[in-house]
Structures are given as structure tokens and as C-alpha cells.
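Computed over heavy atoms, backbone and side chain alike; hydrogens, waters and symmetry mates excluded. Index from 1, following the sequence.
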Amino acid sequence: MTRFLALLLLFFTGLAHAADRPNFLVITWEDVSPRFGCYGDKLAHTPAVDQLAAEGIRFDQAYSVSGVCAPSRSSIISARWPVSLGSQHMRSEVALPPNLRCFPAYLREVGYYCINPGKLDYNFKAPADTWDAVGPKAEWSNRQPGQPFLAVYNLVETHQGPSQRQSTADRQRERLPKDIVVTPDQVSVPGYFPDTPGVRQQLANVYNNIAYADRITNGFLKKLRDEGLEDDTIVIVYGDHGDGIPRVKCHLYHESLRVPLVVKIPAKFRSADTPAPGSAVDDLVTLMDLGPTLLSLAGVAPPADWDGRAFLGAHRQPAPPFLYGHRDRIDFFSNDQRCVFDQRWHYIRDFRPDLMPRGPSHSFEISAILQDSQRLHQQGKFTGPQASWLEKTGIPEELFDTQADPRCLHNLATDPAQVERLAAMRGALRDWQTRVKDLAFLPESMQTRLASEHGSATAIPAALLAKLPDLADAPLQGKTALPKLNAALDSSNAAERFWAVLGLGTIHDTDSIPALQKHLSDPDLTVATTAAWSLHRLGQTDTASLDALRRGLKNRSPFAQLETLQLVHHIGPAAAPLKPDLQRLTQAKTPPLYARQIGYAAEFALKATQQK
């Protein structure tokens, strides 16, 4: 009874303090780069957000940690790096450590009513204490009198779907005043796309969808005013990652990660160090910082073990010198990439340049931009560095000066004048990967198995990862790295063997063929299928290799199946004997989260085996 009374007293004390705390209205725009008037885009029609910026703070160097939504959302809700949690893969559901709490739980603890009528797509199931109410019936009006609220809304109107599905774009455009509609002839076509009517139309759709979402945003702001809450509510508007168009979404370029972020703080909640209304802040900010910042603005100290930092409020912390990004499996295709950048220089490291940089995707295939780009690329009419995203293999290292080249079209990684900078960026990336225990170096099938063995991905021992970065970087050193890779073939650590067999194929060492053939029967299936892939790259695809790939296709693990399907897709016609297995998987009934991805991957792989 005594404990109950103490908790009750704590609750009512929290409510008393809560009355002095701000409400938070958070409006998330999906798939949107800073195409806003307040960011200097003269073609944009965004009066609601522009007015917020005039009365609030515009952040000019705000970035997501990923170029796709669910990993980005994972970082926001948890204030932790997805690459540490294991939630970096798009379309997954990972087990969290038992003590992990998401940031709304800390606001609820001090009296907030927290609702999310929109998406809960975090790549994990949020703990039960995260929200008071979710779904379309969640309303801030359901809170107790005087209770502050956090309300998170998600605008899908700017998602890639409405920009590439013309019927949806037409419906949204028809709801706009005709004098603000952007037409295809008005848009500027970036150099990484060909200039075609289809490309122009989709870019015009992007602008019109943004104008439409701005009107929806204005509706939320009007609701605040009508209910007398404007002076009590901090408003945050941001994009979850860059534009939902090819070569931007899902990638790690500057435009892929840079997002709009506008924060309006009413006068009663500003302090002496709050930037003045109408300010533009140039500090590096990541969306992972949103949770800590909301706690800070509510007067609550963010947990010390969070990766995000507060960039406003009583617990504000200094901006970091670098930010980082990651790209992993998206739907059914993996790309193992990382990036590090400051306010000018942007470095991308592709640890799997053997894979095509833009894998097939059922969600992008209807894009006019993609269709026109691919068609002209195949005809030899759209080539060169601007079309590198359409090539069959990736680029191990890219370095861009985003002040001179914000579109990231001119790779300076091989420029002799940038040798020292390249080394510095490599070092910064390696330091970060070690510090956060980046799981990039574990194939997803291995990560899943180890996470199951140890309770969660965060509990995977760092010792298992210790040698992987050097092995992953070995191909950059050429044949001088062969002794290191050959020694790793005999490691008891399957992840070390994986990078060894992959590296031997990347270096194209034909003397390694016998050793790779031996690993076709490796006890770890991912090592065996990767050995088959490396042998194919060395001109060897025989019955033993096909048998290893067939075992991958028949394995009960959806992760092993997805990894194998991607390799089969790249092997193409040489994998034609696997057609019956691929056909079977197009109809496979696997765990619901992965069934659709496996089916699509099998369809694309089947088509690849039939190409001439």
C-alpha cells in the first residue's frame, strides 16, 4: 500500500510539473528533400512550412541516417544507431534488448500523453510503454485536462508512390489551386537523370505532392490555433529521408540523406540560447537527435547511453564534427554501404561493389524516371559518371565536395590532391564503426543467428567483429592482401571466412580456385554460397557451385534464401539449372514479413537466368 501511494503521489506530482511543459506536434513528411520555399527553392509552394520557418528555426544541415524509411524511423524512435540495434535492414523485425525504451516512454514518465496515429514501422516491435494510443482513433483531445501531449503524424502524400503513380499524382494535383501547380516544363532535371518528358513529369509530381502536403500541414496548424494550443505547442516538421525518386531514395548520396527540419518554439518556452525566430542553423543534426531534443525541451535529461544528442533545450550538446549513414538490405536486395560526411565533404564506402548499386525493386519498377533512365542507358544514350547508379557493379570508394557538387556527380576519390582527405574520411568511418559496433560486416543470416544465440543483436560479442573491418577492406590493397585472406579461410569465425572467400573473388585471384572450391561445402551456408559467387566471378560455375546455391534456395531461413537469390540474380544465365527451385520460391509460403520479398526476388532472379 505504501508503495502504491508513493507511485500515485509521483504521478500527480508529474502532472503538476507537466502543466508547465510544452506540447509537441511532430509532422513527418515521407520521402522529401528540402524542396521548400524557406530553403530557397523558388519553384516550391510551401507557405505553411515557410511561415513556420519564419517564426521558428530552420536547420540547413539536417540528415537522416538512412535513405529509406523504416531504418530512419528506427533511429528516431530509439535515438540509437540501427546498425547497432540490428534494425538496419529494410523490412525486418529484430529482437530488442530487454532494457531498451523508446523516447516517448520517457515523456510519458513525466506526465505526457503520447499518441501516434500514423506509422509504427521501426523494423522492431516498439516496447509496450512507448505510446498511450496509436492508430487512426488516437487524438490529443483524449488526454487529461492540462496534460501535455506528444502527437506524431505521418504524411504519405509525398511518398514515392504518389510521385510515380500518375493517377494518384493527378488526384492530388487536382486538389491544388491551378495557379500553384508545377508543370513538367518548369522543373530542373538533375544531371544523374536523362532529360525526358517522363522524367520531367515525375519531378513535377514531386513538387505538386509537396504543395499538397503543405496544405495538410496547414490543417494541423489551424487545429492548434482553433483549440487555443498554438502558444503552448512546439511544432517540428521534418522529412524522414530524401526524395522518393531513383538514385536519391535508398542511396547514400548527399541528397539521399539531407532533409528539411523546421522547429517553431513559442515565446514562453524559449531561453536565452534559443536561436531567434527566423534563424537558420548550420550545425550538423541527425534525425536520431529528435528524441533527445524533445526530452531536453521538456526539461528532461536524455539517457547518457543514447547515440542521439539534444540540439535544443536545457540539455543541448555540441554538434559533432561528422555524421554517418548506412545502406543495407532494402526489400530483397542488399548493398553493404556506409558513409561519413561533414558540412562539405561526403565519403561513401561500398563494401560490396561486386553487387549492382541499384538492385531491382518491385516498388520502383513503375517509375518513369527509372524506366527512361534504364532504357537510354541500355541504348548507350545515357552513360558516364552520372549514370553510374545503373551499372552492374558498384564503386568501392566515392568522395564528393558537396559545396561545389551537391548532386554528387564528380567522384574525387582517385584525385591525387585528395589522398590525405580520403585517408582521414576512411579513418573517421572506421573509428565510428568500431565505436558503435556496426553490424555491417555480418551477413544478415549470420547476424540473425548470432542475435538469437546471444539474446539480441546488441549482445553479439565485439570480439566476433574485431577482424572483419580489415578483411572487408583487404580488396582495396589488391594482391598484397592475399596472405591475410588465405589465412582467414581457416578461421573458426564464419564471418571471417565469408569476407575471405568474397575478397578472393573481388581481387580476382585464380590461384585461389581450389581453396574456394573447398568452401563450397563450408559448414556455414552463407560462406558456401559466397564461394560459389566468387568462383563464378573467376569463370567457374560448375555442378558443385550450383549445388551450394541450391542448398541456399532450399534452406528454411528466409535470410539465407534472400542472400542466395541475390547471388543467383547476379550469376544470371549460368544459374539456369536452378530455374525449378526459383519457380518454386515465387510461390513459397515463408514467414509473412519476408514472403513477399522472397517471391519478388525469385521472380527477378528467374528473369535474370533467362537473359541472353
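The list of salt bridge (charged side-chain N to carboxylate O under 4.0 Å, His left out) pairs with a residue in residues 156-171, not counting sequence neighbours, reads Asp170-Arg173.
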Handout entry: Derivation of the side-chain hydrogen bond (donor to acceptor under 3.5 Å, both in side chains) call for Asp289 and Thr293
Key = CA-CA 6 Å; Asp289 299 336; Thr293 299; over 6 Å; no

Exercise for the section: Dump the intermediate steps for ring pair (Phe, Tyr, Trp, His ring centres under 6.0 Å) on Tyr253 and Tyr192, then the final yes or no. Expected result: CA-CA 12 Å; Tyr253 295 110; Tyr192 45 73; 7.7 Å; no

Handout entry: Test side-chain hydrogen bond (donor to acceptor under 3.5 Å, both in side chains) applied to Ser445 and Glu563, step by step
Key = CA-CA 8 Å; Ser445 58; Glu563 290 166 355; 2.8 Å; yes

Practice task
Begin from the C-alpha positions of Gln202 and Ser367 and carry the test side-chain hydrogen bond (donor to acceptor under 3.5 Å, both in side chains) through to its verdict.
Solution key: CA-CA 8 Å; Gln202 190 171 343; Ser367 164; 3.0 Å; yes

Exercise for the section: Under the ring pair (Phe, Tyr, Trp, His ring centres under 6.0 Å) rule, what do Tyr238 and Phe59 come out as? Steps first, then yes or no, please. Expected result: CA-CA 10 Å; Tyr238 71 91; Phe59 291 86; over 10 Å; no

Practice task
Could you walk me through whether Ser373 and Leu390 pass side chain to side chain contact (heavy atoms under 4.5 Å, CB included), step by step?
Solution key: CA-CA 8 Å; Ser373 298; Leu390 295 166; 3.9 Å; yes

Exercise for the section: Verify side-chain hydrogen bond (donor to acceptor under 3.5 Å, both in side chains) between Tyr63 and His254, making sure each step is shown before the conclusion. Expected result: CA-CA 9 Å; Tyr63 298 88; His254 185 247; 3.2 Å; yes

Exercise for the section: Walk me through it: do Phe333 and His569 pass the test ring pair (Phe, Tyr, Trp, His ring centres under 6.0 Å)? Expected result: CA-CA 10 Å; Phe333 238 70; His569 184 111; 5.4 Å; yes

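Using a 3.5 Å distance cut-off with no hydrogens or angles, the side chains of Ser87 and Ser74 do pair a donor with an acceptor. Using modelled atom types and a 3.5 Å distance limit, the side chains of Gln88 and Gln447 yield a donor-acceptor pair. Under the 3.5 Å distance criterion, with hydrogens and angles disregarded, a donor-acceptor pair is assigned to the side chains of Thr458 and Ser456. Checking Gln61 against Asp283 by side-chain atom types alone, no donor-acceptor pair falls below 3.5 Å. No side-chain donor from either of Asn123 and Glu93 sits under 3.5 Å from a side-chain acceptor of the other. His45 and Tyr207 share no donor-acceptor pair across their side chains, judged by distance under 3.5 Å alone. Looking at Thr233 and Asn23, their side chains do bring a donor and an acceptor atom within 3.5 Å of each other.
Put simply, the side chain of Met356 reaches to within 4.5 Å of the side chain of Pro360, judged on heavy atoms. You'll find the side chain of Val110 stays beyond 4.5 Å of the side chain of Pro148, heavy atoms only. Residues Leu312 and Ile57 are in side-chain contact: their nearest non-hydrogen atoms beyond the backbone lie under 4.5 Å apart.
With Val182 as reference, Val187 is the one residue of Asn209, Val187, Leu203, Ile210 to meet the side-chain contact (heavy atoms from CB on, under 4.5 Å) rule. The one candidate from Thr217, Asn154, Thr158, Asp214 that meets the side chain to side chain donor-acceptor pair (under 3.5 Å) condition with Trp29 is Thr217. Val26 pairs with exactly one of Ile234, Val237, Leu294 by the side-chain contact (heavy atoms from CB on, under 4.5 Å) rule, that one being Leu294. Tested against Asn205 for a side-chain contact (heavy atoms from CB on, under 4.5 Å), the candidates Arg200, Gln166, Gln172 yield a single pass: Gln166.
In this structure, Asn335 CG and Asp328 CG are separated by 9.0 Å, a value rounded to the nearest 0.5 Å. We find the OG-NZ distance between Ser361 and Lys249 to be 8.5 Å, quoted to the nearest 0.5 Å. One distance of note links CG of Leu43 with CZ of Phe36; it measures 13.5 Å at 0.5 Å rounding. Put simply, CZ on Arg73 and CD on Glu30 are 5.5 Å apart, with the number rounded to the nearest 0.5 Å. With values rounded to the nearest 0.5 angstrom, Phe364 atom CZ is found 8.5 Å from Ile369 atom CD1. Summarising the geometry, atom CD1 belonging to Ile598 is positioned 13.0 Å from atom CD belonging to Gln587; distances are rounded to the nearest 0.5 Å.
We find that Arg108 and Asp129 are not joined by a salt bridge, their nearest charged nitrogen and carboxylate oxygen being 4.0 Å or further apart. A salt bridge between Lys223 and Glu230 is absent, with no side-chain N of the basic residue lying under 4.0 Å from a carboxylate O of the acidic one. Ion pairing of Asp243 with Arg35 is present here, as a side-chain N (NZ or NE/NH1/NH2) and a carboxylate O approach within less than 4.0 Å. Classification of Asp121 and Arg91 as a salt-bridged pair holds, one side-chain N sitting under 4.0 Å from a carboxylate O. Under 4.0 Å is where a charged nitrogen must lie from a carboxylate oxygen, and between Asp305 and Arg80 at least one such pair does. Ion pairing between a basic and an acidic side chain is recognised when a charged N comes within 4.0 Å of a carboxylate O; Asp331 and Arg329 show no such pairing.
Relative orientation of the His346 and Phe341 rings is parallel, given thresholds of 30° and 60° on the angle between their planes. Between Trp432 and Trp81, the ring planes are perpendicular. Angles over 60° get that label, and only those under 30° would be called parallel. In this structure, Tyr112 and Phe24 have parallel ring planes: the angle between them is below the 30° cut-off, well short of the 60° mark.
Shown here are the side chain to side chain donor-acceptor pair (under 3.5 Å) partners of Tyr113, two or more places apart in sequence or in another chain: there are none. Under the rule for a side-chain contact (heavy atoms from CB on, under 4.5 Å), the partners of Pro320 that lie at least two apart in sequence or sit in another chain are Arg309, Leu323.
Residues Val152 and Pro117 share a closest heavy-atom pair of O-CD, 3.0 Å. Gln201 approaches Pro184 most closely through the heavy-atom pair OE1-CG, 3.4 Å.
Atom NZ of Lys125 has 12 or fewer heavy atoms from other residues, nucleotides or ligands within 6.0 Å.
A cation-pi contact, defined as under 6.0 Å to the ring centre and within 45° of the axis, is absent between Arg247 and Phe193. Taking the ring centre of Tyr324 as origin, the terminal cationic atom of Arg338 falls outside the region bounded by 6.0 Å and 45° from the ring axis.
For Phe604 and Phe332, the gap between ring centers is short of 6.0 Å. The six-membered or imidazole ring of Phe559 lies away from that of His89, with a centre-to-centre distance of 6.0 Å or more.
The closest donor-acceptor contact from the side chain of Ser296 to the backbone of Ala314 lies under 3.5 Å. No side-chain donor-acceptor contact under 3.5 Å links Arg101 to the backbone of Pro127.
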